[in-house]
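All chains are named by letter (A, B, ...) in the order of the sequence lines, taking the proteins before the strands, and each is independently numbered beginning at 1.
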2 protein chains.
Amino acid sequence: MYICPMYSSELIKGTLKTIVLKLLKEQGKMYGYEITQRVKELTNDKIQITEGALYPTLHSLEQNGELDTETEYMGKRVRKYYTLTKQGHITVDLKVNEFVDFMNTMKFLLDVELKMSNVQSNR
Amino acid sequence: MYICPMYSSELIKGTLKTIVLKLLKEQGKMYGYEITQRVKELTNDKIQITEGALYPTLHSLEQNGELDTETEYMGKRVRKYYTLTKQGHITVDLKVNEFVDFMNTMKFLLDVELKMSNVQSNR
DNA sequence: TTTAATACATAAGAATATTATGTATTAATA
DNA sequence: TATTAATACATAATATTCTTATGTATTAAA
């Protein structure tokens, strides 16, 4: 079975918004740094979201009305928590469905079988 | 079942090289325009490779030593056929394996089940 | 006390796509 | 037969989205 250390940067492109929205749907409320750590953890370091990619994305999603924010202070350190708006809940389902459809198309195009064993090893 | 008309442009980003190399591995020898039509056909118009994206990619793969070219004339109209080099054959397997691994990771991350029915409908 | 981790942010640059434009041949249609 | 659509290549301007680098500041660990 093929194991790769980290994905080439092109691959992750275009999936960041989907990942962020989906995580927020599951967790309800997260702050930026938490998202980077959670993704790193869940993917065994295969996907590492850089801060330079994440924060602009979060700002853009907020400006687009997909996310709401609330600032909390842990002592003197600030945390900006993000939650899905009503629109965000609609968008996340669309995005995830689109990605699943895309994966099926790519699977057909690349003529490959997904191996479940590999998924389990990510836990 | 979710059916989408065409994927948002971000999604396709980063997969173009993999698609092109894999098609060339299967078909042996193809020209640019043929690749765009084949992908459109195989994906029921869901993935439409623009010429502005394809040609620079082909040139870059050629310069990188992944592809060889031979020009043929059909009457007065030119066709540039592309084939995989030795290096290209190595790269395509790496790329496809990496993408399969990536799909498994994303599947786990997005916590979704791939439906086979959707794949069949692409034929 | 220095380094690592936490937590935010933005700017410069690279990569890769879209959109538009250009040339030219050949087939189809009005 | 004249015009449009399809075939077939190519590149330039622009947009998007990422990487890499830099910056500030707090808190925990070595």
Side-chain angles (χ1 to χ4, degrees), chain A residues 5-21 29-41 45-64 66-67 69-82 95 99 102 106, chain B residues 6-21 23 29-41 45-64 66-67 69-82 95 99 102 106:
Chain A
M6 209 171 81
Y7 304 119
S8 57
S9 59
E10 314 100 64
L11 269 189
I12 289 111
K13 288 192 184 187
T15 60
L16 185 52
K17 280 185 188 171
T18 308
I19 292 171
V20 167
L21 291 171
K29 169 182 173 182
M30 295 180 90
Y31 55 97
Y33 187 76
E34 187 184 9
I35 293 173
T36 65
Q37 296 311 300
R38 195 98 189 82
V39 169
K40 189 163 137 58
E41 201 179 287
D45 298 6
K46 285 178 180 177
I47 299 181
Q48 297 190 30
I49 300 177
T50 60
E51 297 174 301
L54 180 67
Y55 291 116
T57 295
L58 286 172
H59 300 161
S60 136
L61 285 170
E62 188 187 1
Q63 279 208 315
N64 240 284
E66 316 282 0
L67 301 182
T69 59
E70 35 181 317
T71 302
E72 281 184 23
Y73 282 87
M74 314 298 290
K76 285 181 180 176
R77 184 186 286 164
V78 71
R79 272 187 191 169
K80 245 175 106 175
Y81 276 98
Y82 290 88
K95 284 252 169 207
F99 190 76
F102 176 67
M106 284 301 289
Chain B
M6 209 171 81
Y7 304 119
S8 58
S9 59
E10 315 100 63
L11 268 189
I12 290 109
K13 290 192 184 187
T15 61
L16 185 52
K17 280 184 186 170
T18 309
I19 291 171
V20 168
L21 291 171
L23 271 185
K29 170 182 171 181
M30 296 180 91
Y31 56 97
Y33 186 76
E34 188 185 8
I35 294 173
T36 64
Q37 297 310 299
R38 195 97 190 83
V39 169
K40 189 164 135 61
E41 202 178 286
D45 298 7
K46 284 178 181 178
I47 299 182
Q48 296 190 32
I49 301 177
T50 61
E51 296 174 302
L54 180 67
Y55 290 116
T57 296
L58 286 172
H59 300 161
S60 136
L61 285 171
E62 189 187 359
Q63 279 208 316
N64 240 283
E66 316 282 1
L67 301 181
T69 60
E70 36 181 319
T71 302
E72 280 185 23
Y73 282 88
M74 314 298 291
K76 285 182 180 175
R77 185 185 285 162
V78 73
R79 271 187 193 169
K80 246 175 106 176
Y81 277 97
Y82 289 88
K95 283 251 169 209
F99 190 76
F102 176 66
M106 283 300 290

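- Nearest heavy-atom pair, B/Ile49 versus B/Thr36, reported as atom, atom and distance to 0.1 Å: O-CG2, 3.6 Å.
- Note: CD1 (A/Ile49) to C1' (D/dT19) measures 14 Å, nearest angstrom.
- At least one side-chain nitrogen or oxygen of A/Tyr55 sits closer than 4.0 Å to the OP1 or OP2 atom of C/dC8.
- The interatomic distance linking A/Asn64 (CG) with D/dT16 (C1') rounds to 14 Å, in whole Å.
- The side chain of B/Gln37 lies closest to D/dT7, out of D/dT7, D/dC9, C/dT6.
- B/Thr18 and B/Lys95 get closest at one heavy-atom pair: OG1-CD, 3.6 Å.
- For the residue pair A/Glu51 and A/Pro56, the shortest heavy atom distance occurs at O-CD, 3.8 Å.
- Using a 4.0 Å cut-off, no side-chain N or O of B/Tyr33 falls inside it from OP1 or OP2 of D/dA6.
- The only member of A/Lys80, A/Arg77, A/Lys29 that meets salt bridge (Lys or Arg N to Asp or Glu O under 4.0 Å) when paired with A/Glu72 is A/Lys29.
- Across all non-hydrogen atoms, the minimal contact from A/Tyr33 to A/Tyr55 is N-OH, 3.8 Å.
- For the pair B/Tyr31 and D/dA8, the criterion of a side-chain N or O lying under 4.0 Å from OP1 or OP2 is met.
- Here the C1' atom of nucleotide D/dT17 and the CG atom of B/Leu16 are 16 Å apart, to the nearest Å.
- Between the CZ atom of B/Arg38 and the C1' atom of D/dA8 there is a distance of 18 Å, given to the nearest Å.
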Where protein sits on nucleotides 20-28 of chain D, one letter per nucleotide: B base, S sugar-phosphate only, - none, heavy atoms under 4.0 Å: B-----BS-
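- Both A/Lys13 and B/Lys80 lie near DNA chain D, and the one whose nearest nucleotide falls closer to the 5' end is B/Lys80.
- Shortest non-hydrogen contact noted between B/Leu67 and B/Glu62 is O-CG, 3.6 Å.
- Closest approach of A/Phe102 and B/Phe99 over heavy atoms only: CE2-CZ, 4.4 Å.
- The CD1-P distance, from A/Ile47 to D/dT19, rounds to 11 Å in whole Å.
- Following rounding to the nearest Å, B/Gln48 (CD) and C/dT19 (P) show an atom-to-atom distance of 11 Å.
- Between C/dA7 and A/Thr71, no contact under 4.0 Å exists linking OP1 or OP2 to a side-chain N or O.
- Atom CG of B/Leu58 is separated from atom P of D/dA8 by 14 Å (rounded to the nearest Å).
- The distance between atom NE2 of A/His59 and atom P of C/dT10, rounded to the nearest whole Å, is 5 Å.
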